[in-house]
Asks: 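A single structure is presented below for examination.
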Amino acid sequence: MSELHEPILRWYDDHARELPWRGPDASAWSVMVSEFMLQQTPVARVLPVHEIWLQRWPTPADLSAETTGEAVRAWGRLGYPRRALRLHAAATVIAERHDNQVPASYDALRALPGVGDYTAAAIATFAHGRRHVVLDTNVRRVFARTIEGAEFPSTAVTKAEREVALEVLPADVPTAATWSVAVMELGALVCTASNPRCGDCPVAELCAWRAAGHPAYDGPPRKVQTWAGTDRQCRGRLLAVLRDSDGPVHRSRLDAAWSPEDQRIRCLASLIEDRLVVAAGPETYALP
DNA sequence: GACTCGTGGTT
DNA sequence: TAACCAAGAGT
C-alpha cells in the first residue's frame, strides 16, 4: 500500500473533471472512441467531436457501416487522421468478430488496429474495470517526479518504470482503476509538464522531486517537433481541402493549397498510400 | 530506438 | 514570437 494512494484518491474525488466518457452511463465504445481521440490531442478539442461521434455512431457496427471517408471527415481537425482509419478498422473487427462488443481482455484489445500498450490498458481498465498498469505521459511524469525525483521521465518506457508502476498499483481491482485515472488527472491538472502547481498538489510533502529542490531536467534533449514546411503540414493542408469539400475535387484545388510542387506531389502520393485519399477520376481526388 | 504522423492553444 | 506540448501507435 503506497503512501501516495490515499491523498491522490481523495484529491481525485474532489477535483475530477466530469467528462462524458467517465461515469456509469458511458459505454465501453464511448471510452474506446475517447481513447483514440485523446492520443496526442487535448481533452478540450476532443469533447465536441466525441459527442458528435457517439450520437452518430452509437456502436462499433454503426461506424463500420460507414465509409472510411466519412470517418476521416467527421474526425475534423483533431489531427493525425490515420487514427480515424484505425478506429474505423477496429470497429469493423469488433462488429464482425466480437459480436459488436468492445473486448474486455488486454490481449484482444491490443490486437486491434490503432491500439497500443497504453490504449489497451486504458480501455480494459476504464471501460471494463480490469486491473492493468496504465502508463501515459501524465502518469509517467507524476511517477518520475514523486518517486524518482526527476522532472521528466525517460524518452521511452523502461522495464524498471513499468515495475514501479505495478508495485504502486492498488491490489484491489476497482481501486486500481480509480487510481490510474486519478494519477492521470493529477498529471493533467496539477503535475503538469510546465509550471506545475505544486502548491495544489496532494502529495507535495511526499514528492522526491520537490524534496530535491526541483532539479532541472538533465536527460537527453527531448525532441522538438518541427512543423513549418514539413510533409505533415503539407498533408494536413491537402486533406483539409478534401475534408471541406462535399465531393471530389480537381487537382487544381490541391495545387493551390501548397507549394513547392514536388513536395505536394509526394505528400498526395503518401496520402493515397495511407488510404486517406483516393483518386476519384482523371485529375480528381476524394476522401475514401 | 529513432522517425513520422496533425492541429491549435498556451507561454 | 517561437517554442512547447497534448490520455500514442506504427514502422
Side-chain angles (χ1 to χ4, degrees), chain A residues 12 16-17 19-22 26 30-50 72 75-87 89-90 109-127 132-142 151-159 177 180-189 191-197 217 219-244 257-258 266-267 270-271 273-277:
Chain A
Y12 181 71
R17 290 169 293 181
L19 300 173
W21 46 86
R22 290 179 182 165
S30 174
V31 173
M32 178 170 167
V33 171
S34 79
E35 291 300 341
F36 270 73
M37 292 181 170
L38 288 164
Q39 291 169 359
Q40 298 287 281
T41 301
V43 168
R45 236 186 309 153
V46 164
L47 281 169
V49 183
H50 178 272
V72 171
W75 196 255
R77 306 186 70 80
L78 290 181
Y80 293 144
R82 291 188 294 188
R83 290 181 293 165
L85 297 182
R86 292 172 184 152
L87 181 50
L109 289 163
R110 186 66 180 76
L112 297 173
V115 178
D117 286 332
Y118 162 75
T119 302
I123 297 173
T125 298
F126 303 140
H132 290 280
V133 168
V134 180
L135 272 187
D136 80 319
T137 186
N138 290 305
V139 174
R140 297 189 65 216
R141 188 174 55 249
V142 171
E151 183 177 16
F152 295 112
S154 58
T155 303
V157 177
T158 65
K159 183 179 180 184
S180 290
V181 72
V183 177
M184 286 176 64
E185 193 79 335
L186 185 66
L189 300 182
C191 194
T192 48
S194 56
N195 304 320
R197 301 163 50 196
Y217 176 75
R222 299 189 296 155
K223 58 187 173 193
V224 187
Q225 292 186 38
T226 54
W227 174 244
T230 62
D231 284 4
R232 276 211 318 295
Q233 185 184 28
C234 177
R235 285 165 54 106
R237 290 279 180 81
L238 297 178
L239 198 61
V241 171
L242 298 177
R243 214 170 41 219
D244 297 339
W258 188 267
R266 178 175 75 246
C267 287
S270 76
L271 287 168
E273 172 70 22
D274 289 345
R275 298 186 179 281
L276 283 164
V277 173

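Throughout, a chain's letter reflects where its sequence line sits, starting with A, and its residues are numbered from 1.
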Asks: Can you tell which of C:dA6, C:dA7, C:dG8 lies closest to the side chain of A:Gln39?
Replies: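 Nearest to the side chain of A:Gln39 among the choices is C:dG8.
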Asks: Taking only the P atom of each, what is the distance from C:dA9 to B:dG8 in whole angstrom?
Replies: 23 Å
Asks: For A:Leu78, does its backbone N or O pair with a side-chain atom of A:Arg83 as donor and acceptor, under 3.5 Å?
Replies: yes
Asks: Can you tell me the distance, in whole Å, between the CE atom of A:Met37 and the C1' atom of B:dG6?
Replies: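 Spelled out: CE on A:Met37 to C1' on B:dG6 is 14 Å.
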Asks: How would you label the contact of A:Leu19 with the nucleic acid (heavy atoms, under 4.0 Å): base, sugar-phosphate, or nothing?
Replies: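 Here A:Leu19 touches the bases of the nucleic acid.
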Asks: Atom CG of A:Leu135 to atom P of C:dA7: distance rounded to whole Å?
Replies: 14 Å
Asks: Counting side-chain heavy atoms from C-beta on, which of B:dT7, C:dA7, C:dA9 comes nearest to A:Trp227?
Replies: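 Looking only at side-chain atoms, A:Trp227 lies closest to B:dT7.
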Asks: Could you tell me if A:Thr192 and A:Arg141 have a donor-acceptor pair between their side chains, going purely by distance under 3.5 Å?
Replies: no
Asks: For A:Ser194 and for A:Arg86, find the nucleotide of DNA chain B with the closest heavy atom, then tell me which residue's nucleotide is more 5'.
Replies: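 Closest to the 5' end, via its nearest nucleotide, is A:Arg86.
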Asks: In this structure, how many angstroms lie between the P atom of C:dG10 and the CZ atom of A:Arg83, rounded?
Replies: 12 Å
Asks: Does the side chain of A:Thr155 get closer than 4.0 angstrom to OP1 or OP2 of B:dA2 through an N or O atom?
Replies: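 No.
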Asks: Within less than 4.0 Å of OP1 or OP2 of C:dA6, is there a side-chain N or O belonging to A:Arg141?
Replies: yes
Asks: May I have the distance from A:Leu189 (atom CG) to C:dA7 (atom C1'), rounded to whole angstrom?
Replies: 12 Å
Asks: Nearest to the A:Pro81 side chain among C:dG8, C:dA7, B:dG6, which nucleotide is it?
Replies: B:dG6
Asks: Considering every strand and a 4.0 Å limit on heavy-atom distances, what is the contact class for A:Val134: base, sugar-phosphate, or nothing?
Replies: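 Contact class for A:Val134: none.
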Asks: Give the nucleotide from the list C:dG8, C:dA6, C:dA7 with an atom nearest to the side chain of A:Glu35.
Replies: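 Taking heavy atoms from C-beta onward, the closest nucleotide is C:dA7.
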Asks: Tell me: CG of A:Leu38 to C1' of C:dA7, nearest whole Å?
Replies: 5 Å
Asks: By the 4.0 Å heavy-atom rule, please label A:Asp274 as base, sugar-phosphate, or nothing.
Replies: nothing
Asks: For the P atoms, the ones on B:dT11 and on C:dA7, what distance do you get once it is rounded to whole angstrom?
Replies: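 That atom pair is separated by 14 Å.
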Asks: Between A:Gln233 (side chain) and A:Gly229 (backbone), is there a donor-acceptor pair under 3.5 Å?
Replies: yes
Asks: Would the base of B:dG6 count as contacting A:Thr41 through its side chain, where contact means a donor and an acceptor less than 3.5 Å apart?
Replies: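 Such a pair is found, so the answer is yes.
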Asks: Send over the distance from A:Asn138 CG to C:dG8 C1', rounded to a whole Å.
Replies: 12 Å
Asks: Taking CZ from A:Phe36 and C1' from C:dA6, how many angstroms apart are they, rounded to a whole number?
Replies: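 So the two atoms are 18 Å apart, to the nearest Å.
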Asks: So what does A:Thr137 hit on the nucleic acid, given a heavy-atom distance under 4.0 Å: a base, only sugar-phosphate, or nothing?
Replies: sugar-phosphate
Asks: By nearest atom, which of the nucleotides B:dT7, C:dG8, C:dA7 is closest to the A:Arg243 side chain?
Replies: B:dT7
Asks: What contact category does A:Trp75 fall into here, base, sugar-phosphate, or nothing, at under 4.0 angstrom with non-hydrogen atoms?
Replies: nothing
Asks: If you find the nucleotide of DNA chain C closest to A:Gly116 and the one closest to A:Arg45, which residue's nucleotide is nearer the 5' end?
Replies: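 Closest to the 5' end, via its nearest nucleotide, is A:Arg45.
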Asks: How would you label the contact of A:Ala122 with the nucleic acid (heavy atoms, under 4.0 Å): base, sugar-phosphate, or nothing?
Replies: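 No contact.
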Asks: Does A:Leu239 reach a base, just sugar-phosphate, or nothing at all? Heavy atoms under 4.0 Å.
Replies: nothing
Asks: From CG of A:Asp136 over to P of C:dA6, roughly how many Å is that when rounded to an integer?
Replies: 10 Å
Asks: Would you say a side-chain N or O of A:Gln40 is under 4.0 Å from OP1 or OP2 of C:dG8?
Replies: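 Answer yes for this pair, as a side-chain N or O of A:Gln40 is under 4.0 Å from OP1 or OP2.
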